There are 2 protein chains.
Amino acid sequence: MPNKTHTDNRDDAGRLAAGTGSAPLYKQLAADLQHKLESGQFGANAPLPAERDLALTYQVSRDTVRKAIRLLEEQGVLYSDHGRGTFAAPESVRQMSRFLDSFTEDTINRGGTPGQNILLMEAVPANMAIASVLHVETSTPLLRIKRVRLMNGAPVGLQDSYLKLPAGAVLQRGELERRGSLYRILIEDLGIKPSESLESVGAVAAQPDEAGLLGVAPGTPLLICERVMLSDRREPVEYCEMRYVPSYRYKTRISKWSLD
Amino acid sequence: MPNKTHTDNRDDAGRLAAGTGSAPLYKQLAADLQHKLESGQFGANAPLPAERDLALTYQVSRDTVRKAIRLLEEQGVLYSDHGRGTFAAPESVRQMSRFLDSFTEDTINRGGTPGQNILLMEAVPANMAIASVLHVETSTPLLRIKRVRLMNGAPVGLQDSYLKLPAGAVLQRGELERRGSLYRILIEDLGIKPSESLESVGAVAAQPDEAGLLGVAPGTPLLICERVMLSDRREPVEYCEMRYVPSYRYKTRISKWSLD
DNA sequence: TAGTGGTCTAGACCACCCC
DNA sequence: GGGTGGTCTAGACCACTAG
């Protein structure tokens, strides 16, 4: 296959772009297939062409086709059954993201407008519990950020976040107000790449102060989500407690059954 | 590589078993690596041998090594960084299952003894909402199972499940009481293979009847989890509402960050 | 039996990280 | 520069499903 350095995905014959400048072939193929699936070319549970046919069509190896299919399978866009074929996933599955979203992205995905009201943003010493989960000594200074999160202007949640910042890193309140998403700043400005998060979800009653901030009656059931976020080096970087009003739902897709 | 039909994983030289009767090489390799990791041969974030070295050691192709590594990566057992190496995941990540567990398995994983108290088990006509999610006509008969779930004898949750059974399938109350796990029966007896579930999690206040069954005060915040379970053909099979007491936590690991 | 996805190989080159 | 993981290929054979 000739090397090209297109920014476009396709050459004149409709083949995928190769070469050092472009995305991996299997990602291009996945994007192409996803586009076809989302444009409604395949109904729910409709079969896709066989892997060998796709390889011929796109002029790539079958292994590359399989990588693209596995990628889309992880995203819930399609699924493969041994001996039967590969099929378009039903709409209900396709909409559910299994991945980690920031509040900002999640809200946009739900069709809402995200907002925030920063209640507090200051350096605090780590208490024993938080020091333990973030792998630091007690009293190590952490950046605490307490925010009311808004959807379409209405309060939906309280976020209380403790951040272990790299030495010398600075995060200004104005910057957070301007950008909205804390994670975007971590990624783009501070070089912190989140890789995984460990979450624990439960229910609690709203305390009077929390109730006031969220505009609900004290004692109202709240969804509480505690999260430890890990960097790409698997260093714990953030501990966060989120309390959401009852109308807010936490949605997820779980795949693969642990029973064999 | 010679074909063998061992039930054992290794031959005399310590190589993995090949041949038609044995598990895929990459799964054997993954099991072997996982065992080494769990036995503490590698500390948190300790580097594993390079892929090429593992391939030599185990006498398999590098691609097979990569498949094994990807499998363990999905399970949170290890992680790979481009250009740096492959590393043992920290203990906190390793413990979190990202997969679908039944209440029975989940409770066992937490070190508890699961139990149940079947409140109701009968055929009921589907109402509009449930008919919609299960893709059946209104009034189609469904099997409704309402249970109090127990951990170490104490009530921790209410499960209200609506099942679309295959024509002619029968599920006896005594069978469920004896086996404990509904999903085991679905898989082993009815040929229903769960593949994915879509979940929505939130918080609600306990109603008087629910409070009585769970042994909490009315108005106590409960964690509510609604679930639609899909078969391997992506047919919705079960709609289930679960309400858990505040002490019960729903834990999960989320990987891959949606921002690139 | 024909067609599908699943596993496996051997080798090549690219991209990234760190010394 | 030397080592690491990431991508890609061409071909072979196995395992499963369905008509």
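Given the structure is predicted, the values throughout are model-derived calculations rather than measurements.
Taking the ring axis of A:Y79 as reference, the NZ or CZ atom of B:R234 stays within 45° of it and closer than 6.0 Å to the ring centre.
Note on B:E235 versus B:K164: salt bridge recorded, some NZ/NE/NH1/NH2 to OD/OE distance being below 4.0 Å. Between B:E175 and B:R179, at least one side-chain nitrogen of the basic residue sits less than 4.0 Å from a carboxylate oxygen of the acidic one, meeting the salt-bridge criterion. Taking the charged nitrogens against the carboxylate oxygens, A:K67 and A:D63 have no contact shorter than 4.0 Å, which rules out a salt bridge.
Taking B:F42 as the reference, nothing meets the ring-ring contact (aromatic ring centres under 6.0 Å, His included) condition, with sequence neighbours excluded. For A:E51, the side-chain hydrogen bond (donor to acceptor under 3.5 Å, both in side chains) criterion is met by A:R62, A:R66, not counting sequence neighbours. Residues satisfying the side-chain hydrogen bond (donor to acceptor under 3.5 Å, both in side chains) test with B:S231, not counting sequence neighbours, are none. Applying the ring-ring contact (aromatic ring centres under 6.0 Å, His included) criterion to A:Y239, with sequence neighbours excluded, gives no partner residue.
In this structure, the CG atom of B:L78 is 15 Å from the C1' atom of D:dT4, given to the nearest Å. Straight-line distance from the NZ atom of B:K27 to the C1' atom of D:dA15: 12 Å, rounded to whole Å.
With DNA chain D read from its 5' end, the first of the two nearest nucleotides for A:R62 and B:R233 is the one closest to A:R62. Comparing B:S61 and A:I69 by the nucleotide of DNA chain C whose heavy atom lies nearest to each, the residue mapping closer to the 5' end is A:I69.
Put simply, B:T64 has no side-chain N or O that comes within less than 4.0 Å of OP1 or OP2 on C:dT7.
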Look for any protein N or O under 3.5 Å of an N or O in nucleotides 2-4 of chain C and output each such pair with its distance, or none.
| residue | atom | partner | partner atom | Å |
| --- | --- | --- | --- | --- |
| C:dG3 | N2 | A:G83 | O | 3.0 |

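Stem analysis of DNA chain D (Watson-Crick or G-U pairs, both distances under 3.5 Å, runs of at least three) returns C:1-18 with D:1-18.
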